[in-house]
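Computed from a prediction, not measured in an experiment: that's the story for all the values here. Read the numbers this way: they start at 1 and go in the same order the structure lists the ligands and their atoms.
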Amino acid sequence: MNVKSIGATLLISGTMLGAGMLALPLISAGLGIYNTILLLTVLWAIMTYTGLILLEVCLNYPEGTGLEAIAYDLFGKPGKWVINISLLLLLYALSCAYIAGASSIYKNDFTDYFHISVSSHTIAIVFTIIIATIVFISTKAVDIANRVLFTSNIVIFFILVTTIIPYLHGHFLVNDHDSAKYAFAAIPVFITAFGFHGSVPSMVKYIGRDKPKTLRNIFVAGGLLPLVVYIIWEISMLGSLPRFGNHSFQYVAQHGSSVGVMLQQMQIFIQNNNIIYLIGAFSSIAMFTSYLCVSLGLFDSLASTFKRGNNTIDRLMTAVLCYLPPLVFTLVYPNGFVPALGAAAIFLTILAILFPVLALRKLRGKQHQIEYNVATNNIALFVVGFIGLQVIINQILTLNNAVPIFK
Ligand SMILES: N[C@@H](Cc1ccccc1)C(=O)O
């Protein structure tokens, strides 16, 4: 792998590592560590596989062809609309999760670092304005801010997981009440955490259609890094807070399942302020960089959907469309962090599981140019498509409280 491929691998990992990661311990507390690791690995494999299916699909089109244009070619106008709307709704749902998550974490930061209490509404508004301003300035500004913050966060993560080891308790990790029944509610959020598929067309453009093997390696390695990071993160979080009791994951679940409350609870068990600061800094930066990248994607999609140009007035109108709806939603539903990530899974499943499967079936039915063939057959495509439908049904049930939820 050359330097460009390593950079591309990190971009894929960077897209995956975000709010989903912070929600993982909140949603997997009832599962216990063994079920969690198993489920993470299985879902990583499925998401990587559909990423490779999407790669084969994209390689049949000229470099720079987006998912929307591919959907139009294969499924006509309805296909194009489904992809377009799913993408916008995915990015809006993620935006709501980021604003809700960030306000709960930053509220905690203000109390921990400066001993002042700021309302989460104020934080949500200021956070959104800061992100909007950076995106409004230019893509270059986003790139610079992201590069600096993402690199610092990798360093913070490694310092954190090495210093937290003495504070981990083996008996917090496994519990008699661990149960696979909580997997239903966890699957959608886990799927969101492994989402990166919107970036497949741009990666093909960046690396080149003539290097299908390099692209395959980038997607596999780019997802493997988050899988390892997620497992280490789960062990660190589930190992430092008990499942039940006055101060526990159960308490967090009963108080809005927010990252901020989880951090407060951990403070009671980890009597080392530096570690608490590290977790706070890591979570805060993760929220910031992910929202920066995701809202840049939303900003560009809105500009192209509503045919807005690059002049100041047009950019301002796009920014209002991009940031106002999720901000208002979060102000009305401040506890929407986990539900918004779950809702995102519905649209992500359409884009990242169902669309690649249907598109490849259609392409292989036609005579398609063989640039890269992912190992698959109709049965495998059927199974993956079926899993995709299950994820959507699952999430609809979760939103209606019809599956077991750890409380
Ligand atoms: N994986 C990202 C969310 C995401 C999904 C799909 C595409 C891009 C980003 C996160 O966990 O924050």
Next item on the list: Determine the interplanar angle of the Y291 and Y98 rings, folded into 0 to 90°, and report it as parallel if under 30°, tilted if 30 to 60°, perpendicular if over 60°.
Entry: tilted
Margin query: Under a 3.5 Å threshold, yes or no: a donor from one side chain and an acceptor from the other, between Q265 and S248?
Written below: no
Notebook entry, point to check: What class does the angle between the rings of F329 and Y333 fall in, given that below 30° is parallel, 30 to 60° is tilted and above 60° is perpendicular?
Noted result: tilted
Check: Do the rings of W233 and F282 sit parallel, tilted or perpendicular, given the 30° and 60° boundaries?
Finding: tilted
Expected rows: ligand 1 N/O, protein N/O, dist below 3.5 Å:
residue: ligand 1; atom: 1 (N); partner: M16; partner atom: O; Å: 3.0
residue: ligand 1; atom: 1 (N); partner: T192; partner atom: O; Å: 2.9
residue: ligand 1; atom: 1 (N); partner: A193; partner atom: O; Å: 3.3
residue: ligand 1; atom: 1 (N); partner: G195; partner atom: O; Å: 3.4
residue: ligand 1; atom: 11 (O); partner: M16; partner atom: O; Å: 3.2
residue: ligand 1; atom: 11 (O); partner: G20; partner atom: N; Å: 3.0
residue: ligand 1; atom: 12 (O); partner: A19; partner atom: N; Å: 2.9
residue: ligand 1; atom: 12 (O); partner: G20; partner atom: N; Å: 3.4
residue: ligand 1; atom: 12 (O); partner: Y98; partner atom: OH; Å: 2.9

Margin query: Using a strict threshold of under 4.0 Å (side-chain N to carboxylate O), is an ion pair present between K80 and D73?
Written below: no
Notebook entry, point to check: So F172 and H169, would you call those rings parallel, tilted or perpendicular, with 30° and 60° as cut-offs?
Noted result: tilted
